[in-house]
Amino acid sequence: MVYSVDVVTSSALSAQTLSQLHERINTWFLAHARDLPWRAADRTGWQVMVSEFMLQQTPVVRVLPVFEAWMDRWPTAADLASVDSGEAVRAWGRLGYPRRALRLHAAAQAIVERHGGEVPQHYDELLALPGVGSYTAAAISVFAFGKRATVIDTNIRRVHARLISGKALPNKSLNAAETRLAEELMPADLETSVVWNAATMELGALICTAKSPKCEACPVQDMCAWVAAGKPEADYVPTGQSWYGTDRQLRGAMMAVLRAAVAPIPYQILKQAGRVDIAIPEELVPAVKKLAALNPEPEQIERCYTGLLKDGLAHEADGFVTL
DNA sequence: AATACGTGGGG
DNA sequence: TCCCCAAGTAT
């Protein structure tokens with residue numbers, strides 16, 4: 001642990017304003033927080049970890065059912081670690097970004113090997129796990145174990161951008177200034193800081209949303225720099241995620257075929273993007289039709305197919321492919 | 001720093 | 001209907 005000799009440097013906010021922010025947002029959270037399974041009083045580190053992986057870029061409502069099924073099947077890290085990664089990818093279903101399932105599986109194995117099967121509590125240990133970045137490491141240590149860490153996700157960044165910086169949106173990427181601001185806003189008191197992390201994130205998710213924020217319901221509207229400035233537009237236009245015709249779309253269609261399969265399938269089905277003369281197993285027909293409809297170029301098919309193998313999302317043996 | 005990486009619900 | 005994007009990570 002490195003102890004900085006820096007004293008908390010001059011902030012644009014007075015100590016009084018800061019504590020008022022903490023008080024208002026934390027109080028709002030206690031009254032309005034969603035009742036989510038990974039927030040239950042008896043939650044485990046593993047539950048929090050699984051939820052954080054699933055919530056990376058995926059909305060809560062879609063995570064809920066998959067999370068419940070996942071925990072029923074693999075209530076501990078050791079349970080997941082004991083099965084093949086393909087089982088994890090299949091159970092991941094349509095949450096998207098299936099490599100997260102692979103990384104969660106690898107993280108579970110690392111937890112068994114390095115931490116005796118118990119999800120580690122400290123930021124650095126968590127950060128060393130596959131699929132765990134700065135956000136997830138902080139989130140698990142705070143939400144599961146009540147540690148003091150600065151959680152910075154897209155919701156929190158947006159709340160800070162508006163409330164403190166008076167901007168509609170945070171920077172395109174997390175920078176030193178944003179990180180520094182987030183740390184300055186952190187309550188010194190441990191208990192308060194734990195709630196603050198969750199509360200600020202929840203405020204961003206429910207009230208201070210990206211589009212159509214519900215300012216009339218915001219507990220700190222009268223303290224918001226963005227509101228005070230007349231809610232100016234963002235100084236940049238977020239670049240949309242292209243989709244049609246991309247490798248991601250094709251990979252997704254290939255993965256859908258593999259998930260639908262109940263047994264290894266002839267690799268031609270994927271390598272010819274569904275345009276095959278051989279018989280297609282009944283359960284694969286809908287997914288194969290969607291794949292064929294993309295009508296991809298041979299070069300793209302090859303790139304995506306080998307990419308899935310390379311990523312470990314698909315496995316080929318004796319002319320057959322499986323998860 | 002910019003880009004790749006899935007998916008489906010809501011406006 | 002079509003576009004946007006939701007608790008990020010790895011390279």
Side-chain angles (χ1 to χ4, degrees), chain A residues 29 33-34 36-39 47-67 89 92-104 106-107 126-144 149-159 169-176 178 182 197-206 208-214 234 236-259 287 290-291 294 300 303-304 307-308 310-314:
Chain A
F29 179 71
R34 287 167 292 180
L36 302 170
W38 45 86
R39 285 178 176 168
Q47 287 177 316
V48 173
M49 181 168 167
V50 170
S51 76
E52 291 302 342
F53 269 73
M54 292 183 172
L55 289 164
Q56 290 169 1
Q57 299 286 281
T58 302
V60 168
V61 289
R62 280 175 44 210
V63 164
L64 250 15
V66 181
F67 173 83
V89 174
W92 197 255
R94 298 178 299 189
L95 285 183
Y97 291 155
R99 51 177 49 177
R100 290 181 293 164
L102 228 39
R103 290 172 180 156
L104 179 55
L126 289 161
L127 190 60
L129 298 172
V132 176
S134 60
Y135 161 74
T136 303
I140 295 172
S141 68
V142 172
F143 303 146
T150 306
V151 177
I152 305 178
D153 81 319
T154 188
N155 289 306
I156 290 175
R157 294 179 61 212
R158 189 172 54 250
V159 169
L169 296 174
N171 299 300
K172 290 182 183 178
S173 57
L174 180 61
N175 60 27
E178 269 188 39
N197 280 312
T200 313
M201 195 179 318
E202 192 78 336
L203 186 69
L206 301 182
C208 196
T209 51
K211 36 176 177 76
S212 310
K214 302 170 181 61
Y236 67 92
V237 179
T239 55
Q241 308 164 345
S242 57
W243 174 247
Y244 190 79
T246 62
D247 286 5
R248 282 162 70 204
Q249 184 188 32
L250 182 53
R251 283 170 59 112
M254 288 179 170
M255 287 301 295
V257 172
L258 289 172
R259 282 197 303 269
K290 289 177 184 173
L291 173 62
L294 297 180
Q300 187 185 21
R303 183 172 62 247
C304 289
L308 292 180
K310 180 176 179 296
D311 288 347
L313 285 166

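We use all heavy atoms of the structure for the numbers below, so side chains are in, but hydrogens, waters and symmetry mates are not. Letters A, B, ... mirror the listed sequences (proteins, then strands); counts begin at 1.
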Per [X] side chain, nearest of listed nucleotides [options]:
| X | options | value |
| --- | --- | --- |
| A/R62 | B/dG6, C/dT9, C/dA7 | B/dG6 |
| A/L55 | B/dC5, C/dA7, C/dG8 | C/dA7 |
| A/R34 | C/dG8, C/dA7, C/dA6 | C/dA7 |
| A/P98 | C/dG8, C/dC5, B/dG6 | B/dG6 |
| A/W243 | B/dC5, B/dT7, C/dA7 | B/dT7 |
| A/R248 | B/dC5, C/dA7, C/dA6 | B/dC5 |
| A/Y97 | B/dG6, C/dA10, C/dA7 | B/dG6 |
| A/S173 | C/dA7, C/dA6, B/dA1 | B/dA1 |

What is the nucleic acid contact for [X], judged by heavy atoms within less than 4.0 Å: base, sugar-phosphate only, or nothing?
| X | answer |
| --- | --- |
| A/I156 | nothing |
| A/W92 | nothing |
| A/G133 | sugar-phosphate |
| A/T154 | sugar-phosphate |
| A/S134 | sugar-phosphate |
| A/D247 | sugar-phosphate |

Is it the case that A/Y135 and A/Q56 place a side-chain donor and acceptor less than 3.5 Å from each other?
-> no

Cut-off 3.5 Å, side chains only: do A/R251 and A/T246 have a donor facing an acceptor?
-> no

Of A/R99 and A/R94, the one whose closest DNA chain B nucleotide lies more 5' = A/R99

Mapping A/G252 and A/L174 onto DNA chain B by nearest heavy atom, which one lands closer to the 5' end?
-> A/L174

Map A/V132 and A/A205 onto DNA chain C by nearest heavy atom, then report which one ends up closer to the 5' terminus.
-> A/A205

For [N], take OP1 and OP2 only and decide whether either is under 4.0 Å from a side-chain N or O of [X].
| X | N | answer |
| --- | --- | --- |
| A/T58 | B/dT7 | no |
| A/R103 | B/dC5 | no |
| A/Q57 | C/dA6 | no |
| A/T136 | C/dT9 | yes |

Test item: [X] side-chain N/O and [Y] main-chain N/O as donor-acceptor pair under 3.5 Å:
| X | Y | answer |
| --- | --- | --- |
| A/N197 | A/A149 | yes |
| A/N171 | A/L174 | no |
| A/R100 | A/L95 | yes |

A/L126 CG to C/dG8 C1', straight-line distance once rounded to whole Å | 15 Å

A/R157 CZ - C/dA6 P separation (whole Å) = 12 Å

Lys/Arg-Asp/Glu bridge criterion (N-O < 4.0 Å) met for A/E202, A/R39 = yes

Kindly indicate whether the side chain of A/Q241 and the base of C/dA6 share any N or O donor-acceptor pair separated by less than 3.5 Å?
-> yes

When rounded to the nearest Å, what value does the distance between P atoms of B/dC5 and C/dA7 take?
-> 23 Å

C/dT9 versus B/dG8 - spacing of their P atoms, nearest Å = 23 Å

